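Structure record follows, encoded as structure tokens.
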Amino acid sequence: MAVIADRCPQIRVTVVDLNAARIAAWNDADLSRLPVYEPGLDAVVGRCRGRNLFFSTAVEEAIAGADMVFLSVNTPTKTKGLGAGQASDLRWIEASARQVAACAQGHTIVVEKSTLPVRTAETVKAILGAVPAAPDGGNGKTFSVLSNPEFLAEGSAIGDLEQPDRVLIGGEDPAAIEALAGIYGNWVPADKILRTNLWSSELSKLTANAFLAQRISSINSIAAFCEATGADVQEVARAIGSDSRIGPKFLQAGPGFGGSCFQKDILNLVYLCGHYGLHEVAAYWQSVVELNTWQQHRIARLVVNRLFGTVTGKRIALLGFAFKADTNDTREAPAIRIAKDLLEEGAQIAIYDPKVSAQQMQSDLGCAPAPSDQRAVDLSGEGSWLACGSVAEAVRGADAAVILTEWQEYRQLNWQELAAVMRQPAWLFDARAIADAEAVRRAGLRLWRVGDGQQG
Ligand code: UGA
């Protein structure tokens with residue numbers, strides 16, 4: 001929304017939320033304290049806020065005054081009831097559609113921005129169409145529903161929005177489609193604005209994420225095979241990625257995909273396929289998620305195995321907790337599952353991530369940090385963790401460092417200095433394959449690098 005405001009000064013954009021604390025944070029005079037860390041977002045908000053971009057809790061008023069309403073609410077995986085663990089929880093979409101139905105005036109274009117199961121627009125249309133008539137027999141309200149899924153990735157969101165590969169608009173009402181296309185037309189070339197029917201648009205979003213995630217599971221499966229056979233997944237990825245039909249992107253082996261979308265969207269796809277009786281299709285996509293989970297457990301297991309079969313009482317530095325670099329987002333981060341496995345094994349984990357707070361780590365790990373950084377070897381079998389302020393602090397006294405997020409600063413570490421403060425024999429487990437392998441070896445560290453059959 002901020003980028004729309006930035007690119008279209010003639011349009012007034014009001015972002016509304018019932019959560020007053022969140023809106024207050026979006027209105028914070030200090031742009032470094034916006035609730036989402038996203039490179040470049042502070043500058044965009046700084047340029048538009050108060051000009052044609054407003055953050056407000058006055059939801060009803062904003063809907064009443066709007067020609068177009070974007071529904072951008074959470075659609076997490078259901079945790080209970082029908083479809084628990086797979087289906088999307090649509091309660092917030094339904095609630096916001098009801099609120100739009102109640103408050104809108106005149107003709108309103110309602111745009112599904114959230115990632116939604118295919119055919120959700122049917123529900124939205126039914127809710128909007130069920131507005132009771134006013135006493136005079138009519139209510140003057142009409143609606144057009146569009147699907148306009150978002151393809152931005154965290155960390156590169158501003159660039160993705162400013163120069164999208166494509167903008168997708170699905171709908172039934174040509175005038176509404178053109179009204180939305182006209183907004184994007186302010187900065188997106190016409191040939192990149194795709195128009196489809198509603199259901200294709202909704203399904204394309206789930207499919208795009210499923211395909212991207214599938215590439216990661218595919219390359220991670222090959223990474224394990226490379227390790228078993230002496231091949232190197234970096235070389236394999238380069239070799240296959242130079243086939244223009246395959247292409248080089250999303251072939252980076254690692255600790256598995258995280259983030260709020262891939263797993264959620266695939267599970268939703270699995271659920272929908274099951275609903276339509278396509279059980280083999282459901283099983284196919286389910287295996288993408290299973291491979292991802294397996295990769296994370298595999299990494300934790302191999303850390304334990306390399307450290308003589310036990311990590312009880314051993315200090316292990318985890319470098320990175322965010323699900324990828326350039327974000328403070330930890331949703332479904334591989335670090336969570338790997339850290340929990342190591343805690344279960346009795347390890348003392350020292351975590352350093354340049355952007356993730358200790359409170360966030362605590363909430364993700366579900367247990368409080370160690371009261372102090374005692375560094376005494378604890379053979380009680382109880383795992384513990386603490387957050388550190390730097391790589392050097394995390395690796396001090398550690399038997400191993402594990403790189404889990406591809407932060408730029410981890411690419412240029414001085415392994416000579418770091419190895420000197422670790423307990424020998426010490427390991428580097430490079431789950432992102434970003435460290436300088438030569439430098440690591442020269443520093444006397446043992447090295448495991450994801451997908452490299454020549455290492456470790
Ligand atoms: C993803 C999609 O890339 C966006 O197009 C989509 O709009 C978004 O989900 C969404 O549905 O909201 P995002 O989750 O921000 O974006 O992050 P990605 O860059 O796609 O990375 C996802 C995960 O895959 C990360 O954990 C990343 O480390 C991992 N990954 C990515 C790899 O392990 N290897 C790769 O080669 C690429």
Side-chain angles (χ1 to χ4, degrees), residues 39 153-156 212 215-220 222-224 226-227 231-241 248-259 292 295-296 298-300 302-303 306 316-330 333-339 342 349-356 388 390-395 398 400-419 422 426-456:
E154 287 183 31
S156 58
L212 291 169
R215 273 174 81 96
I216 300 170
S217 280
S218 296
I219 201 69
N220 283 340
I222 297 300
C226 287
E227 289 165 34
D232 180 351
V233 77
Q234 306 285 333
E235 295 180 350
V236 174
R238 200 170 62 240
I240 63 166
K249 293 184 182 167
F250 265 69
L251 286 180
Q252 180 62 52
F257 55 78
N292 195 55
Q295 173 78 340
Q296 293 165 12
R298 179 175 91 85
I299 290 174
L302 70 86
V303 169
R306 300 288 202 284
I316 298 178
L318 292 194
L319 305 185
F321 204 79
F323 81 95
K324 66 176 192 176
D326 295 323
T327 176
N328 59 354
D329 194 339
T330 62
I336 300 173
R337 190 168 279 133
I338 293 170
L342 294 172
I349 299 177
I351 309 172
Y352 167 65
D353 186 291
K355 285 287 172 199
V356 179
C388 297
S390 67
V391 173
E393 190 188 331
V395 302
V402 189
I403 299 180
L404 291 178
T405 312
E406 73 285 23
W407 285 105
Q408 189 57 32
E409 67 172 281
Y410 301 160
R411 295 176 194 267
Q412 302 140 349
L413 293 171
N414 183 334
W415 287 106
Q416 210 71 42
E417 278 177 26
L418 296 173
M422 295 175 77
W427 278 86
L428 172 65
F429 296 94
D430 185 0
R432 292 284 186 174
I434 53 169
D436 177 346
E438 263 314 300
V440 171
R441 267 196 304 266
R442 266 201 314 275
L445 292 174
R446 298 173 181 203
L447 175 66
W448 170 85
R449 194 164 59 155
V450 67
D452 187 348
Q454 304 288 314
Q455 304 284 342

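In what follows, residues are counted from 1 in the order of the sequence shown. The structure presented is a predicted model; accordingly, all values stated were derived computationally and were not measured. Below, each value reflects all heavy atoms present in this structure, side chains not excepted, and no hydrogens, waters or symmetry copies.
Arg432 has its side chain within reach of Pro255: a pair of non-hydrogen atoms, C-beta onward, lies under 4.5 Å apart. Looking at heavy atoms from C-beta onward, Arg411 lies in side-chain contact with Glu406 at the 4.5 angstrom threshold. Looking only at side-chain heavy atoms (C-beta outward), Val450 and Phe429 stay at 4.5 Å or farther from each other. Leu251 places a side-chain heavy atom less than 4.5 Å from the side chain of Arg215. Side-chain contact check for Ile216 versus Phe250: some heavy-atom pair is nearer than 4.5 Å. Between Leu319 and Leu413 the shortest side-chain heavy-atom distance falls below 4.5 Å. Under the 4.5 Å side-chain criterion, counting only non-hydrogen atoms from C-beta, Leu418 is not in contact with Gln416.
For the residue pair Ala317 and Val395, the shortest heavy atom distance occurs at CB-CG1, 3.8 Å. When all heavy atoms are compared, the tightest approach of Asp353 to Ala322 is OD2-N, 2.9 Å. Between Asn292 and Ser217 the shortest heavy-atom distance is N-OG, 3.9 Å. For the residue pair Ala394 and Cys388, the shortest heavy atom distance occurs at CA-SG, 3.7 Å. Between Val391 and Glu409, the shortest heavy-atom distance links the atoms CG2-OE1, 4.1 Å. Residues Ile336 and Thr330 approach most closely at CD1-O, 3.3 Å, considering heavy atoms.
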Which side-chain N or O atoms in residues 435-442 pair as donor and acceptor under 3.5 Å with protein atoms at least two apart or in another chain?
from, atom 1, to, atom 2, distance (Å)
Asp436, OD1, Glu438, N, 3.2
Asp436, OD1, Ala439, N, 3.3
Glu438, OE2, Arg441, NH2, 2.8
Arg441, NH1, Gln455, OE1, 2.9

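For the atom pair CG of Leu428 and OH of Tyr410, the computed distance is 12.0 Å after rounding to the nearest 0.5 Å. Atoms CD1 and CG, from Ile351 and Leu404 in turn, are 9.5 Å apart once rounded to the nearest 0.5 Å. Separating the CG atom in Leu447 from the CG atom in Asp452 is a distance of 7.5 Å, to the nearest 0.5 Å.
Every residue two or more places apart in sequence or in another chain was checked for a ring pair (Phe, Tyr, Trp, His ring centres under 6.0 Å) with Phe323, and none qualifies. Under the rule for a side-chain contact (heavy atoms from CB on, under 4.5 Å), the partners of Glu417 that lie at least two apart in sequence or sit in another chain are Asn414. Take Glu227 and apply the side-chain hydrogen bond (donor to acceptor under 3.5 Å, both in side chains) test, not counting sequence neighbours, and it matches Arg298, Trp448. The side-chain hydrogen bond (donor to acceptor under 3.5 Å, both in side chains) check on Ser218 picks up nothing, with sequence neighbours excluded. Applying the ring pair (Phe, Tyr, Trp, His ring centres under 6.0 Å) criterion to Phe257, with sequence neighbours excluded, gives Phe262.
Under a 3.5 Å cut-off, the side chain of Lys324 and the backbone N or O of Gly259 do not form any donor-acceptor pair.
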